[in-house]
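The block underneath contains the structure these notes are about, expressed in structure tokens.
Atom set for the values below is all heavy atoms of this structure, side chains included, hydrogens, waters and symmetry mates excluded. Residue numbers begin at 1 in each chain, while the letters A, B, ... track the order of the sequences.
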Amino acid sequence: MKSNVQAMLSKALDTLVSKGVLPSLPTEESIQVERTRDPGHGDFASNCAMTLCKSAGMPPRDLAQQIVDALPGSHLVQEVTIAGPGFINFRFSATAWQAEIRRVLEEGPRYGTSQLGLGKQVLVEFVSANPTGPLHVGHGRHAAYGASLANLLDAVGFNVRREYYVNDAGRQMQILGLSVWLRYLELQGVKLAFPENAYRGDYVLDISRQLQEQHGDALVRDVSGLPSVAEAEDKESALSALIAAARDLLGEDNFRSAQDLALNSILDDIRDDLSEFGVVYDRWYSEHSLAENGAIDRALQKLQANNHTYVKGGATWFRASDLGDEKDRVVIRENGQTTYFASDIAYHLDKRERGFDLLLDVLGADHHGYVARVRAGLEAMGEPPASLEVKLVQFVSLFRAGKKEQMSTRSGQFVTLRQLRDEVGNDAARLIYVMRSNDQHLDFDLELAKTQSADNPVYYIQYAHARVASVARQLQEKGYRWDPEAGLSALHRLDNEHEAALMKTVTRYPETVELAAVNRAPHMLVHYLRELANDFHTYYNAHQFIVTDQPLRDARLSLVNSARQVIANGLGLLGVSAPDNM
RNA sequence: GCGCCUGUAGCUCAAGGGAUAGAGCAUCGGCCUUCUAAGCCGAGGGUUGCAGGUUCGAAUCCUGCCAGGCGCGCCA
């Protein structure tokens with residue numbers, strides 16, 4: 001609907017340019033069209049007369065009049081007025097809204113999709129949590145946000161792939177392997193002091209039991225000579241020393257097998273968890289594989305070839321500060337090992353080489369410092385820096401009955417995503433997670449989400465959907481049948497304020513999906529759906545749908561079914577179910 | 001110290017530079033012999049952290065303060 005107004009304005013402005021009223025063709029941005037907030041201002045408004053009045057050299061209202069005079073005729077538009085400082089307000093005819101309701105029913109699940117993205121290849125990478133333990137509630141927000149965003153981009157015509165970057169290399173994995181082995185030793189009756197900075201969660205013990213099943217007592221060693229972490233001043237260094245000693249004692253293959261068992265077990269769990277949450281990936285990309293297939297070397301060679309590296313203190317540095325980062329970054333350590341950052345730029349280069357135009361990373365707010373360096377890395381390797389877009393997701397604070405819960409993976413004291421899903425359900429979790437802007441801290445109160453009251457917007461929206469389904473059941477009981485075509489032909493019978501309001505809100509859906517996609521803001525869709533549900537509930541309370549007057553009945557059923565369709569489509573993008581019964 | 005995010009109703013948050021800043025919760029008052037009351041209607045509640053600036057117009061953009069969160073490793 002909005003695009004109709006844009007097309008008309010664009011044509012009128014063309015005319016004014018050819019008449020010499022306007023100096024040059026205005027940019028797309030200066031032809032803004034929005035829905036009005038106040039129905040007294042019509043349905044759509046444009047501020048173009050005010051933004052263009054300077055270049056035309058006349059007062060905004062005079063220019064507005066010229067634009068209005070140049071507008072092509074349209075059967076959709078009932079009235080065009082000039083108001084306030086120079087707004088051009090469009091009021092649509094009743095038939096325009098009715099035609100759009102017909103479109104909703106005809107397009108069904110496809111209603112709201114568009115070709116805005118022109119098939120551009122987008123890789124959305126999200127969650128990518130270290131596979132060192134189960135996902136917790138913070139990861140859940142990333143999952144819900146990333147999945148909804150990917151769905152939105154898909155809907156507006158981008159070619160979207162979803163990817164999880166598996167950090168299966170490096171120190172954290174070694175700490176995990178060590179933790180599993182130490183717990184295994186405890187299971188074997190070996191007395192030891194479990195390091196406080198190793199992984200202490202129950203899931204480690206579960207994996208240790210698996211290790212026991214596979215290896216029996218074959219991995220038991222005399223650990224009396226192992227270095228102690230508890231008494232050390234620098235606990236992290238002591239832990240590294242302990243890992244090194246354990247690998248010596250156990251042998252590389254055995255240590256590796258403990259580590260791999262842990263990795264695979266946790267990764268399977270994460271995969272199941274996300275899949276149950278409705279979050280499915282096209283690919284799980286292993287960090288380890290980057291080293292194995294030489295991708296890291298290739299990326300580093302590219303940096304070197306472009307003269308973006310130097311050696312200092314035995315380490316190889318990337319000159320990131322030349323490209324907007326605050327300081328230079330190590331890519332190869334003094335000990336010859338490449339850094340996590342080296343893997344990361346190799347991974348991003350690989351994404352580009354796989355043909356993705358846009359690399360969309362969803363990261364935790366604590367990773368913001370690393371955006372500049374990855375972008376610098378891409379630029380140094382000859383890729384456009386703008387090809388990387390990062391959306392930072394702020395933290396989730398979990399509350400239980402008003403009390404804040406602490407979360408830490410290593411200490412094992414945290415609420416997992418699975419626990420959360422069990423408590424509040426997938427639907428409530430998915431919706432509450434994306435209800436707020438990603439830039440906003442999220443307070444997630446478990447008790448509140450569980451109450452199944454009106455506090456919880458998911459029920460409010462789903463209830464609207466279920467009510468339409470319930471009307472359909474009642475209809476059948478009363479021996480009636482909804483004739484969609486008859487209903488669409490009788491839409492002119494829908495003339496009360498509630499019907500007009502619902503119709504207009506329904507037709508706002510495609511614009512909302514585009515806005516939410518372009519702004520990377522699923523929460524805009526949530527707010528819209530709440531509003532739509534509100535308009536429906538109001539209508540439901542004010543009027544009976546199942547009336548004896550058949551054309552009116554069919555028309556009302558067509559309208560509420562268009563609302564049902566849009567709610568189903570919108571909830572679908574958010575990964576929330578649209579139940580027929582509640 | 002530097003960087004990113006945030007500051008809007010009692011609480012949690014919306015608001016593409018637009019017209020009189022809106023929702024939910026909470027509070028108060030109404031609506032079930034009628035398609036699901038997980039609903040609807042109404043009322044009260046605001047110096048958009050503070051001070052300047054940009055312009056026809058600022059919660060929104062810029063500058064400076066104040067407050068909160070997070071980050072600033074040859075960890076990942």
Check: Does A:His368 get its side chain close enough to the base of B:G3, under 3.5 Å, for a donor-acceptor pair?
Finding: yes
Interatomic distance, [X] [atom1] vs [N] [atom2] [rounded to whole Å]:
{"X": "A:Asp344", "N": "B:C74", "atom1": "CG", "atom2": "P", "result": "16 Å"}
{"X": "A:Glu334", "N": "B:C75", "atom1": "CD", "atom2": "P", "result": "11 Å"}
{"X": "A:Gln174", "N": "B:A76", "atom1": "CD", "atom2": "P", "result": "9 Å"}
{"X": "A:Asp439", "N": "B:C13", "atom1": "CG", "atom2": "P", "result": "13 Å"}
{"X": "A:Arg436", "N": "B:A15", "atom1": "CZ", "atom2": "P", "result": "11 Å"}
{"X": "A:Glu236", "N": "B:A76", "atom1": "CD", "atom2": "C1'", "result": "12 Å"}
{"X": "A:His441", "N": "B:C11", "atom1": "NE2", "atom2": "P", "result": "17 Å"}
{"X": "A:Asn438", "N": "B:U6", "atom1": "CG", "atom2": "C1'", "result": "12 Å"}

At under 4.0 Å between heavy atoms, what does [X] touch on the DNA or RNA strands: base, sugar-phosphate, or nothing?
{"X": "A:Ala45", "value": "base"}
{"X": "A:Asp580", "value": "base"}
{"X": "A:Asn89", "value": "base"}
{"X": "A:Lys2", "value": "base"}
{"X": "A:His537", "value": "sugar-phosphate"}
{"X": "A:Gln337", "value": "nothing"}
{"X": "A:Phe341", "value": "nothing"}

Find out whether [X] and [Y] are in side-chain contact, i.e. whether some heavy atom of one side chain is under 4.5 Å from a heavy atom of the other.
{"X": "A:Tyr165", "Y": "A:Asp344", "answer": "yes"}
{"X": "A:Trp482", "Y": "A:Asp554", "answer": "yes"}
{"X": "A:Phe90", "Y": "A:Asp43", "answer": "no"}

Strictly by Watson-Crick or wobble contacts shorter than 3.5 Å, is anything paired with [N], and which nucleotide is it?
{"N": "B:C65", "answer": "B:G49"}
{"N": "B:A23", "answer": "B:U12"}
{"N": "B:C40", "answer": "B:G30"}
{"N": "B:G73", "answer": "none"}

Distance check: side-chain N/O of [X] vs OP1/OP2 of [N], anything under 4.0 Å?
{"X": "A:Tyr460", "N": "B:C40", "answer": "yes"}
{"X": "A:Arg467", "N": "B:C40", "answer": "no"}
{"X": "A:Lys312", "N": "B:C74", "answer": "no"}
{"X": "A:Ser437", "N": "B:C13", "answer": "no"}
{"X": "A:Asn541", "N": "B:C41", "answer": "no"}
{"X": "A:Gln440", "N": "B:A14", "answer": "yes"}

Looking only at the side chain of [X] (C-beta and beyond, no hydrogens), which of the listed nucleotides [options] gets closest?
{"X": "A:Asp366", "options": "B:U6, B:C70, B:C35", "result": "B:C70"}
{"X": "A:His523", "options": "B:A76, B:A14, B:C35", "result": "B:A14"}
{"X": "A:Asp443", "options": "B:C13, B:A76, B:A37", "result": "B:C13"}
{"X": "A:Arg171", "options": "B:A19, B:A76, B:C72", "result": "B:A76"}

Check: Yes or no on side chain to side chain contact (heavy atoms under 4.5 Å, CB included) for A:Tyr145 and A:Arg520, after CA distance, side-chain angles and deciding distance?
Finding: CA-CA 9 Å; A:Tyr145 175 78; A:Arg520 325 289 191 229; 3.6 Å; yes
Item checked: Residues touching RNA chain B, which here means a heavy atom under 4.0 Å, drawn from residues 468-477 of chain A -> A:Ser470, A:Val471, A:Arg473, A:Gln474
For [N] versus [M], give the span between their [atom1] atoms, rounded off to a whole number of Å.
{"N": "B:A19", "M": "B:G57", "atom1": "P", "result": "14 Å"}
{"N": "B:G17", "M": "B:U6", "atom1": "P", "result": "14 Å"}
{"N": "B:U48", "M": "B:G10", "atom1": "P", "result": "12 Å"}
{"N": "B:U34", "M": "B:A43", "atom1": "P", "result": "27 Å"}
{"N": "B:G22", "M": "B:G16", "atom1": "C1'", "result": "16 Å"}

Is there any protein nitrogen or oxygen under 3.5 Å from a nitrogen or oxygen in nucleotides 54-62 of chain B, and what are the pairs?
| unit_1 | atom_1 | unit_2 | atom_2 | d |
| --- | --- | --- | --- | --- |
| B:C56 | OP1 | A:Lys54 | NZ | 3.2 |

Does the cation-pi check pass for [X] over [Y], that is, NZ or CZ under 6.0 Å from the six-membered ring centre and within 45° of its axis?
{"X": "A:Arg553", "Y": "A:Tyr480", "result": "yes"}
{"X": "A:Arg508", "Y": "A:Tyr528", "result": "no"}
{"X": "A:Arg530", "Y": "A:Tyr460", "result": "yes"}

Next item on the list: Run the salt-bridge test on A:Arg493 and A:Asp549 with the 4.0 Å N-O cut-off and return the result as yes or no.
Entry: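 Here A:Arg493 pairs with A:Asp549 in a salt bridge, since their nearest N and O are under 4.0 Å apart.
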Item checked: Check: A:Leu178 main-chain N/O paired with A:Tyr199 side-chain donor or acceptor under 3.5 Å -> no
Notebook entry, point to check: When you measure from the side chain of A:Asp328 to the backbone N and O of A:Ser321, does any donor-acceptor pair fall under 3.5 Å?
Noted result: yes
Item checked: Syn/anti state of B:C32 by chi, 90° boundary around 0 -> syn
Check: Want to settle it: does A:Ile88 or A:Ile332 sit nearer the 5' end of RNA chain B, counting the closest nucleotide to each?
Finding: A:Ile88
